[in-house]
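Please read the structure below before turning to the comments.
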Amino acid sequence: GAGVSQTPSNKVTEKGKYVELRCDPISGHTALYWYRQSLGQGPEFLIYFQGTGAADDSGLPNDRFFAVRPEGSVSTLKIQRTERGDSAVYLCASSLRARGSSGANVLTFGAGSRLTVL
Amino acid sequence: GNSVTQMEGPVTLSEEAFLTINCTYTATGYPSLFWYVQYPGEGLQLLLKATKADDKGSNKGFEATYRKETTSFHLEKGSVQVSDSAVYFCAPDYGGSQGNLIFGKGTKLSVKP
């Protein structure tokens, strides 16, 4: 696609429920990132995929969070037993180059999925 | 770990005023440096970047120079417009095993006509 597409744009759920957020990166971009942006803060890194594998999941806050990218394109961020503190905008970004490549690695971000946990 | 500090907002300016938003980063390694912008209701967009010392990134009248000696990447614009109202994020990328793009807390700019 022309840009990074994220669905849903808004999700309201109740505490304890399971949530899935989807990211469709730019076609041909092998690198994919998830970030989380809380109100009034900058985005915080969650997880990085290179192809199908999660190359770095050090930013996931706990084991309730999990992400997959089974075919190396679309990715899904899964949150189990949601808590009110999970409320945030979840951002997905993709890049043509792998992390750590020489030169500037420019990320293209989606518009985000706003999650509200009541 | 690596970190970035940018000027806290909000910043309110009149149209055609001069803008500076300060940004300093941790001196570990040799990061690429970015400014991203988030316009109201839109996603994060790359504004400008620089990859080595003394490089100047520029776009839409904004400029920032990679200053290795002061570990800074301050954003400047000589004459702001109402349409520049947005949140600006400074973000070093240490790359490789040292991590990923690290964002500052953001500086909200409001430009009044």
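Quick note on labels: first sequence line is chain A, next is B, and so on, each numbered from 1.
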How about B/Glu69: does its CD atom have over 12 heavy atoms from other parts shown lying under 6.0 Å from it? yes
Got more than 12 heavy atoms from elsewhere within 6.0 Å of CG, A/Leu118? yes
Can you tell me if CD on B/Gln81 sees more than 12 non-hydrogen neighbours from other groups inside 6.0 Å? yes
Neighbour count above 12 (heavy atom, 6.0 Å) for B/Tyr39 OH: yes
Side chain / backbone / both / neither for B/Leu46 at chain A, heavy atoms under 4.5 Å: side chain
Are the side chains of B/Tyr36 and A/Leu107 in touch, meaning some heavy atoms are under 4.5 Å apart? yes
Would you call B/Ser32 and A/Asn105 a side-chain contact if the rule is heavy atoms closer than 4.5 Å? no
Ring centroid separation for B/Phe103 and A/Phe45, is it under 6.0 angstrom? no
A/Leu91 portion near chain B, given a 4.5 angstrom heavy-atom threshold: side chain
Would B/Leu19 end up clustered with B/Leu48 when hydrophobic side chains under 4.5 Å apart are linked, directly or stepwise? yes
I'd like to know whether A/Tyr33 forms a side chain to side chain contact (heavy atoms under 4.5 Å, CB included) with B/Leu101, so could you lay out the CA-CA distance, the side-chain angles of the two residues, the decisive distance to 0.1 Å, and finally the verdict. CA-CA 10 Å; A/Tyr33 303 75; B/Leu101 203 61; over 6 Å; no
Atom pair CG (B/Leu44) and CD (A/Gln37), whose distance is rounded to the nearest 0.5 Å: 6.0 Å
Can you confirm whether B/Glu8 is buried at CD, in the sense that more than 12 heavy atoms of other residues, nucleotides or ligands lie under 6.0 Å from that atom? no
For A/Pro43 and B/Phe89, which heavy atoms make the closest approach, and how far apart are they? CD-CE2, 3.9 Å
Shared ILVMFWY cluster between B/Tyr30 and B/Tyr94, side chains joined below 4.5 angstrom? yes
What part of A/Gln6 lies closer than 4.5 angstrom to a heavy atom of chain B: side chain, backbone, both or neither? neither
Check each atom of B/Gln45 against the heavy atoms of chain A and say whether the ones under 4.5 Å are side chain, backbone, both or neither. neither
